[in-house]
Amino acid sequence: MTSRKHYWLMKSEPDTFSIDDLKKVGIEPWNGVRNYQARNFMRAMKVGDGVLFYHSNCKEPGIVGTATIATTAYPDDTQFDPTSDYYDPKSTREEPRWSLVDVKFDRALKRTITLDEIKRHADDLGEGFALIQRGSRLSVLPVTAAQWKFLLALE
DNA sequence: GCCAACGTTGGC
DNA sequence: GCCAACGTTGGC
């Protein structure tokens, strides 16, 4: 039995780490997630899962590329590093609190599928698309196969 | 276990 | 830069 491919959306602030940065490095450990729900989604990821790369907190928020999950979840080392912004004194190596996955560049979209545009298609995307749910700030969230297809067809 | 205070996210 | 929404912390 092979498990089915799942899809996700991951946010990044382009000033910190953009789709171009991912293209340059090829593969990136997605460190710094410090939200339990987002962490749990990463722990559910499988190698080969699809990722919509989303630029947040910028002039034109939206989906700018796709990526692939390259590893299953493993401990985020930055949680143990007192000099890191992501240091968590309550986490131990025996029981790491935070996980990450490696994300591999797939491609940059020809144009940004803007948040504004995504909102206008809310009805087509169906209920419960966490990205456009009121007040949602999740930085890692699931996308259905149908949503994946629909969103990329907007390109 | 409640909840006020605080910090962060992220669109605008 | 503002601020609404949300998650977390910590006093009680």
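Because the structure is predicted, anything quoted here is derived from the model rather than measured. In what follows, every chain begins at residue 1, and chains take the letters A, B, ... in the order their sequences are listed.
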Aromatic rings Phe41(A) and Trp8(A): how do their planes relate, parallel, tilted or perpendicular, breaks at 30° and 60°?
tilted
Angle between ring planes, Phe17(A) versus Phe53(A), binned at 30° and 60°: parallel, tilted or perpendicular?
tilted
Across the strands shown, which category fits Leu131(A) at heavy-atom distances under 4.0 angstrom: base, sugar-phosphate, nothing?
nothing
Closest-nucleotide mapping onto DNA chain C: is Arg97(A) or Asn57(A) further toward the 5' terminus? I mean the 5' end.
Asn57(A)
Enumerate the residues from residues 110-120 of chain A whose closest heavy atom to DNA chain B is under 4.0 Å, giving them by residue number; use none for an empty result.
Leu115(A), Lys119(A)
Round to the nearest Å and state the distance from Glu60(A) atom CD to dC12(B) atom C1'.
14 Å
Can you tell me if Lys11(A) touches the phosphate of dG10(B), counting only side-chain N or O atoms and a distance under 4.0 Å to OP1 or OP2?
yes
How many whole angstroms separate atom OH of Tyr86(A) from atom C1' of dT9(B)?
13 Å
In Ile69(A), Val101(A), Thr66(A), the residue satisfying side-chain contact (heavy atoms from CB on, under 4.5 Å) with Val51(A) is Ile69(A)
I'd like to know whether Asp77(A) forms a side chain to side chain contact (heavy atoms under 4.5 Å, CB included) with Leu100(A), so could you lay out the CA-CA distance, the side-chain angles of the two residues, the decisive distance to 0.1 Å, and finally the verdict.
CA-CA 9 Å; Asp77(A) 267 339; Leu100(A) 56 71; over 6 Å; no
How long is the line joining CG of Leu138(A) and C1' of dG10(B), in whole Å?
13 Å
Whether Trp148(A) and Tyr7(A) hold their rings parallel, tilted or perpendicular, with breakpoints at 30° and 60°:
tilted
Atom pair CE (Met42(A)) and CG (Asp76(A)), whose distance is rounded to the nearest 0.5 Å:
7.5 Å
Starting from P on dC12(B), measure out to CD on Glu13(A) and report it in whole angstrom.
15 Å
When you check the gap from the basic side-chain N to the acidic O, do Asp20(A) and Lys24(A) get nearer than 4.0 Å?
no
Select base, sugar-phosphate, or nothing to describe what Lys90(A) touches, counting heavy atoms under 4.0 Å on all strands.
sugar-phosphate
For Gln133(A) and dG11(B), give me the distance from atom CD to atom P, rounded to whole Å.
15 Å
Which residues pass the salt bridge (Lys or Arg N to Asp or Glu O under 4.0 Å) test with Lys90(A), not counting sequence neighbours?
none
Under a 4.0 Å heavy-atom criterion, the protein footprint on nucleotides 3-8 of chain B, written with B, S and -, is ----BB
Could you walk me through whether Asp81(A) and Thr78(A) pass the side-chain hydrogen bond (donor to acceptor under 3.5 Å, both in side chains) test, one step at a time?
CA-CA 5 Å; Asp81(A) 177 3; Thr78(A) 62; over 6 Å; no
